[in-house]
Amino acid sequence: MSKEMAKTYDPKGIEEALYNKWVDKKYFHAEADRSKKPFTIVMPPPNITGQLHMGHALDNTMQDILIRFKRMEGYNALWQPGTDHASIATEVRIINTLKEQGITKEDLGREKFLEKCWEWRKEYGGRITSQLRKLGSSCDWDRERFTMDEGCNRAVNEVFVRLYEKGLIYKGHKMINWCPVCKTTISDAEVEYQNQASHLWHIKYPIIGTEDYLTFATTRPETMLGDTAVAVNPEDERYKHLIGKKVLLPIINREMPVVADDYVDMEFGTGVVKITPGHDPNDFEVGLRHDLEIVNILNDDGTINENGGKYAGMDRYAARDAIVGELDSMGLLVKIEDYSHDVGTHDRCHTTVEPLVKEQWFVKMDELIRPAVNGIKNKEIRLVPENMEKTYFNWTDNIRDWCISRQLWWGHRIPAYTCSKCGKLIVSRTKPDTCPDCGSTELSQDPDTLDTWFSSALWPFSTLGWPDQTEELEYFYPTDVLVTGYDIIFFWVIRMIFSGYEQMGREPFKTVLFHGLIRDEKGRKMSKSLGNGIDPLEVVEKYGADALRFMLVTGNSPGNDMRFSYDKVEAARNFANKIWNASRFILLNMDGKSVTRPESADLAPVDRWILSKTNRIISDVTDNMEKYELGVAAAKIYDFIWTELCDWYIEMVKPRLYNSDDAASQNAALWTLKKVLITSLKLLHPYMPFVTEEIYCTVKEDTADTEMDDSIMISAWPVFEKDYEFPADEKSLEIIKEAVKGVRNVRASMNVPPKKAAEATVVSDDEAVLESFKAGELYFKALINAPQVSYQKDKAGIPDDAVSVVTGSATVYIPLAELIDISEEIARLEKEEKRLEGELKRSNAMLGNEKFLSKAPESKIAEEKEKLASYEKMIGEVRERLKGLRK
RNA sequence: GGGGUCGUAGCUCAGCUGGGAGAGCGUCUGCUUGACGUGCAGGAGGUCUGCGGUUCGAGCCCGCACGGUCCCACCA
């Protein structure tokens with residue numbers, strides 16, 4: 001070998017060098033090219049605030065596997081990368097760092113604050129993408145985008161204006177979710193419900209003009225400050241007479257009506273509900289129906305405002321305690337019950353959100369969502385796994401308008417302007433110079449920014465140049481597959497789908513491949529607060545990116561969560577080492593020899609067997625990958641390389657490699673080894689890009705093979721070759737393998753020392769079977785440690801006390817009489833007899849069943865009959881052996 | 001309240017359109033076999049959660065139950 005291969009594979013150093021080579025050679029880059037078929041994946045843009053975690057590692061590994069596979073298949077494969085400005089996440093982050101310096105964002109002012117944000121993005125925006133490179137991600141970095149770059153901003157403004165002009169974006173006073181800590185609205189999707197232990201306060205309000213009271217229960221007593229009615233069910237006999245009467249709101253001393261509304265559940269609590277239209281979505285609806293006043297009692301920071309009278313300025317929870325105390329002292333607190341219920345919290349900061357009424361911008365959903373529903377129903381877009389459709393429709397069926405305005409500074413500013421003179425609202429792609437109504441130049445832009453998902457919803461086409469009709473857009477859109485976690489189906493997937501249909505008139509991608517969450521070894525979610533997160537980069541450092549990648553996609557199926565485990569990483573690392581060593585072995589043996597394509601007559605049956613097997617694995621793996629069954633494909637490659645190639649073929653071929661006398665046979669073996677190795681490397685490459693590339697290049701260099709490519713990643717994906725299909729050899733080799741396993745088994749169970757050689761006799765009445773054993777004599781002898789093998793059609797001359805290995809097509813006899821205990825051999829054969837009896841019983845029952853014979857498919861019946869014959873033959877042999885031994 | 005999903009060998013999980021139960025790890029027994037001990041050979045270990053149904057035939061399809069898990073939902 002010109003290049004010495006180390007005894008164990010060490011990824012350190014190798015990975016980075018190879019990655020740099022790929023980048024330098026522009027292998028990741030894709031250009032629109034009409035002569036080739038495109039295959040496109042847009043990367044879910046990671047947040048610029050982010051650090052690479054296991055979720056990213058899985059997500060990007062899956063994408064890289066698909067893109068490398070398709071690239072090798074000859075597609076013009078584009079993997080479009082980029083990052084997300086992550087409006088609220090980034091803003092919160094920067095506010096916190098400012099806080100350490102004792103500065104608020106208001107101190108800084110909007111402009112200065114945004115400068116800070118861009119600085120942050122400059123400093124950290126590249127961190128996560130450089131981490132992605134360590135995984136081997138083959139995305140087109142020349143095309144890297146950012147959700148807030150100039151092009152994306154134009155796309156955002158364009159969409160906003162279009163939707164506004166169609167009446168699908170509107171400004172309105174509606175009940176929204178307010179985060180008092182982030183001081184912004186958030187969408188319904190951003191509200192996370194948490195079960196919290198709390199209380200149910202039973203309170204009573206005096207009924208005006210009587211001595212009586214109305215008692216009700218509430219979980220938020222402080223909202224009483226905003227009560228404007230009390231409601232009962234119209235059918236409720238207990239309260240019918242009170243409908244239309246008035247109650248007095250204590251503390252505030254507001255007179256309010258008792259209204260009748262179906263919304264009230266007579267069964268729950270006392271059947272009376274206090275109505276706070278300003279702070280409860282249901283009450284808001286009730287308020288609309290009964291024309292009730294909306295009283296807002298909260299400031300933006302969650303303190304009580306001037307409508308709360310003497311409680312003004314007090315924090316919402318302090319006010320709660322104080323109000324309960326005051327009601328108690330007034331004798332209006334009936335009782336306090338323990339009560340646990342779901343409380344809406346902000347998914348970013350976990351602050352309890354307050355529902356309140358504010359004027360905000362909304363996207364009208366009912367019309368937009370229709371094509372997004374149809375696209376899934378008519379399979380224009382396929383969800384993998386399919387059952388995700390139910391989750392999808394669950395959301396689309398209950399869709400509500402999307403609140404898109406945020407009281408944040410870092411994000412896409414809403415392209416709406418107000419004339420300070422006449423109040424005219426202008427929505428425009430660029431800032432207008434004058435008011436179209438009054439001509440004033442005093443126009444102020446809406447201070448709010450857009451929900452961060454508004455820009456990521458456009459990602460599949462904005463990254464390709466939209467709103468310009470670019471060549472890329474024309475060529476690469478719609479993209480082929482989106483790979484993402486099921487946890488952002490509502491935030492992102494659905495919004496991309498309706499945006500794609502609305503703006504492009506077509507689906508943004510043809511398939512969505514969902515993956516699950518990576519949990520820790522105990523099955524817990526990895527989280528910062530638990531501190532149980534495992535840094536993918538540490539794993540890469542220690543075991544190599546290939547090992548991590550392989551581990552992440554093996555042993556699980558689409559959409560299911562999986563556990564991280566170092567044992568599994570180690571197993572993957574060992575696999576990389578295994579193929580490394582197999583390659584080392586092959587190169588060692590090829591050293592100095594010019595290996596040429598053999599005459600077909602020179603191929604041994606065992607060569608034909610592995611070539612035929614290789615063919616089978618090629619079609620299987622390709623098929624699995626087309627169906628996104630990445631884990632299944634990986635397992636098949638693993639098994640093929642480790643078991644068939646290493647454990648069997650290499651071992652079977654060794655005697656020929658060590659025998660230079662038969663040069664033609666040696667050449668055939670080496671040629672086959674190389675061919676199968678290269679094919680295996682190619683199949684494995686999408687999963688383990690680094691080792692496979694390193695080995696491929698070493699083989700090319702060592703064998704000075706000009707037909708090989710400069711890199712495995714641009715080489716052609718293996719295809720089924722009719723010339724190498726040998727079903728007969730596949731079958732005959734399986735018989736020999738079965739015999740080898742049987743002999744080894746017998747030797748082990750009889751405690752025959754491994755070094756003890758013993759002759760063997762193969763007996764079969766099938767001439768062809770004997771022939772195939774003869775053809776494989778060289779390795780058969782080596783594998784069972786027999787100095788001599790003889791062949792015969794019957795058992796003439798076989799001693800009664802020889803050990804026998806009975807297979808369906810042949811029996812192998814080994815004279816081990818001096819070594820074994822006859823009674824043990826009898827026991828072993830009796831066990832075998834019993835097993836066969838069981839099989840016979842099952843098989844006979846099946847074939848004796850008339851319904852099976854009349855209803856089962858022809859092939860199944862034939863197969864079963866074949867089995868039965870084989871069992872009968874085997875049990876006959878076994879019984880005969882037993883008879884001989886018992887003598 | 002609605003829905004998803006899982007329940008297969010000691011552990012972690014595969015199992016494609018229903019047709020003789022699999023892998024990795026662990027465990028046990030051997031092995032300095034001229035690629036690899038990150039290895040080689042062999043073994044043990046499962047009434048596929050339970051019950052019922054469809055079927056010639058069910059780990060797989062249907063129903064119910066039990067247990068775990070996740071999502072959605074305005075019950076004060």
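In what follows, every chain begins at residue 1, and chains take the letters A, B, ... in the order their sequences are listed.
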Colleague: Is any side-chain nitrogen or oxygen of Asn574(A) closer than 4.0 Å to OP1 or OP2 of G24(B)?
Modeller: no
Colleague: By nearest atom, which of the nucleotides G19(B), G30(B), U38(B) is closest to the Pro754(A) side chain?
Modeller: G30(B)
Colleague: Specify the separation, in whole Å, of atom CZ of Arg584(A) and atom P of G39(B).
Modeller: 14 Å
Colleague: Record whether the side chain of Arg563(A) comes under 3.5 Å of the base of U12(B) through a donor-acceptor pair of N or O atoms.
Modeller: no
Colleague: Examine C40(B): is either OP1 or OP2 under 4.0 Å from a nitrogen or oxygen in the side chain of Lys654(A)? Give yes or no.
Modeller: no
Colleague: Does Arg744(A) reach a base, just sugar-phosphate, or nothing at all? Heavy atoms under 4.0 Å.
Modeller: sugar-phosphate
Colleague: Assign Glu864(A) to base, sugar-phosphate, or nothing according to its heavy-atom contacts below 4.0 angstrom with the strands shown.
Modeller: nothing
Colleague: Find the partner of G1(B): check Watson-Crick (N1-N3 plus N6-O4 or O6-N4) and G-U wobble (N1-O2, O6-N3) distances, both under 3.5 Å, and reply none if neither fits.
Modeller: C72(B)
Colleague: Of Asp647(A) and Ser565(A), whose nearest nucleotide on RNA chain B comes first from the 5' end?
Modeller: Ser565(A)
Colleague: Would one find a side-chain N or O of Trp642(A) under 4.0 angstrom from OP1 or OP2 of C40(B)?
Modeller: yes
Colleague: Can Lys737(A) and Glu644(A) be counted as an ion pair, charged N to O under 4.0 angstrom?
Modeller: yes
Colleague: When you check the phosphate oxygens OP1 and OP2 of A35(B), does a side-chain N or O of Tyr658(A) lie under 4.0 Å from one of them?
Modeller: yes
Colleague: Which is true for Lys390(A) with a 4.0 Å heavy-atom rule: it touches a base, it touches only sugar-phosphate, or it touches nothing?
Modeller: sugar-phosphate
Colleague: Could you measure between the two C1' atoms, the one in C61(B) and the one in G19(B), and give it in whole Å?
Modeller: 15 Å
Colleague: Between Glu864(A) and Arg842(A), is the closest basic N to carboxylate O distance under 4.0 Å?
Modeller: yes
Colleague: It should be established whether Lys636(A) places a side-chain nitrogen or oxygen under 4.0 Å from OP1 or OP2 of nucleotide G15(B).
Modeller: no
Colleague: Under 4.5 Å between any side-chain heavy atoms of Pro558(A) and His515(A), yes or no?
Modeller: no
Colleague: What distance, rounded to whole Å, do you find between the two P atoms, one in G43(B) and one in G24(B)?
Modeller: 14 Å
Colleague: Apply ring-ring contact (aromatic ring centres under 6.0 Å, His included) to His290(A) and list each qualifying residue two or more places apart in sequence or on a separate chain.
Modeller: none
Colleague: Taking the six-membered ring for Trp, are the ring centroids of Tyr205(A) and Phe216(A) within less than 6.0 Å of each other?
Modeller: yes
Colleague: Identify the nucleotide, in any strand shown, that forms a Watson-Crick or G-U wobble pair with C36(B), with both distances under 3.5 Å; if there is none, say none.
Modeller: none
Colleague: Over how many whole Å does the gap from Lys860(A) atom NZ to U17(B) atom P extend?
Modeller: 16 Å
Colleague: Do the side chains of Arg220(A) and Glu354(A) get close enough for a salt bridge, i.e. N-O under 4.0 angstrom?
Modeller: yes
Colleague: May I ask you to test the Trp395(A)-Ile399(A) pair for a side-chain heavy-atom distance under 4.5 Å?
Modeller: yes
Colleague: Would you classify Asn577(A) as touching base, sugar-phosphate or nothing, given that sugar-phosphate means primed atoms plus P, OP1 and OP2, and contacts are heavy atoms under 4.0 Å?
Modeller: base
Colleague: Any salt bridge between Arg289(A) and Asp261(A), counting N to O under 4.0 Å?
Modeller: yes
Colleague: Counting any heavy atom closer than 4.0 Å, what does Ser557(A) reach on the DNA or RNA strands: base, sugar-phosphate only, or nothing?
Modeller: sugar-phosphate
Colleague: Counting the atoms with a prime plus P, OP1 and OP2 as sugar-phosphate, which does Arg747(A) contact under 4.0 Å by heavy atoms, base, sugar-phosphate, or nothing?
Modeller: nothing
Colleague: Find the partner of C16(B): check Watson-Crick (N1-N3 plus N6-O4 or O6-N4) and G-U wobble (N1-O2, O6-N3) distances, both under 3.5 Å, and reply none if neither fits.
Modeller: none
Colleague: Using a strict threshold of under 4.0 Å (side-chain N to carboxylate O), is an ion pair present between Arg238(A) and Asp236(A)?
Modeller: yes
Colleague: What pairs of residues pass the ring pair (Phe, Tyr, Trp, His ring centres under 6.0 Å) test when at least one of them lies in residues 571-592 of chain A, not counting sequence neighbours?
Modeller: Tyr9(A)-Trp580(A), Phe550(A)-Phe575(A), Phe575(A)-Tyr638(A)
Colleague: Is it the case that A14(B) (base atoms only) and Glu629(A) (side chain only) share a donor and an acceptor within less than 3.5 Å, ignoring hydrogens and angles?
Modeller: no
Colleague: May I have the distance from Tyr566(A) (atom OH) to U12(B) (atom C1'), rounded to whole angstrom?
Modeller: 16 Å
Colleague: What is the distance, to the nearest angstrom, from the CZ atom on Phe550(A) to the C1' atom on U12(B)?
Modeller: 16 Å
Colleague: Partner lookup for C61(B), please. Criteria are Watson-Crick or G-U wobble with both distances under 3.5 angstrom; report none if nothing qualifies.
Modeller: G53(B)
Colleague: I want to confirm an ordering. Mapping Met388(A) and Arg842(A) to their closest nucleotides on RNA chain B, which one lands closer to the 5' end?
Modeller: Met388(A)
Colleague: When you compare U27(B) with U12(B), how far apart are their C1' atoms, in angstrom units rounded to a whole number?
Modeller: 16 Å
Colleague: Quickly work out the Tyr649(A) OH to C36(B) P distance and round it to whole Å.
Modeller: 20 Å
Colleague: Look at Asn849(A) and G57(B) and indicate whether a side-chain polar atom (N or O) is within less than 4.0 Å of OP1 or OP2.
Modeller: no
Colleague: Measuring only the P atom in each nucleotide, how far is U55(B) from C62(B)? A whole number of Å is fine.
Modeller: 16 Å
Colleague: Tell me the partner of U47(B), counting only Watson-Crick (N1-N3 plus N6-O4 or O6-N4) or G-U wobble (N1-O2 and O6-N3) with both under 3.5 Å; none if nothing fits.
Modeller: none
Colleague: In whole Å, what is the span from the CG atom of Asn560(A) to the C1' atom of U12(B)?
Modeller: 13 Å
Colleague: Name the nucleic acid region contacted by Ile650(A), choosing base, sugar-phosphate or nothing; use a 4.0 angstrom heavy-atom cut-off, strictly under.
Modeller: base
Colleague: Could you tell me how far C74(B) sits from U69(B) if I compare only their C1' atoms? Round to whole Å.
Modeller: 25 Å
Colleague: Base, sugar-phosphate, or nothing: which does Ala635(A) touch, judged by heavy atoms less than 4.0 Å apart?
Modeller: nothing
Colleague: Can you find an N or O donor on one side and an acceptor on the other, under 3.5 Å apart, linking the side chain of Lys7(A) with the base of C36(B)?
Modeller: no
Colleague: Can you tell me how far C1' in C25(B) sits from the matching atom in U38(B), rounded to whole Å?
Modeller: 14 Å
Colleague: Report which part of the nucleic acid Pro857(A) touches: base, sugar-phosphate, or nothing (heavy-atom distance under 4.0 Å, all strands).
Modeller: base
Colleague: With both distances under 3.5 angstrom, what nucleotide forms a Watson-Crick or G-U wobble pair with C11(B)?
Modeller: G24(B)
Colleague: Between Leu783(A) (CG) and U33(B) (P), how many Å, whole number?
Modeller: 16 Å
Colleague: Without decimals, in angstroms, what is the distance between Lys522(A) NZ and C11(B) P?
Modeller: 17 Å
Colleague: Look at the side chain of Asp546(A) and the backbone N and O of Phe690(A), then say whether any donor-acceptor pair between them is shorter than 3.5 Å.
Modeller: yes
Colleague: I'd like the P distance from G59(B) over to C48(B), given in whole Å.
Modeller: 8 Å
Colleague: Reading nucleotides 69-76 of chain B 5' to 3', which nucleotides get B (base under 4.0 Å from a protein heavy atom), which S (sugar-phosphate only), which -?
Modeller: --SSBBBB
Colleague: Measuring only the P atom in each nucleotide, how far is C51(B) from C66(B)? A whole number of Å is fine.
Modeller: 15 Å
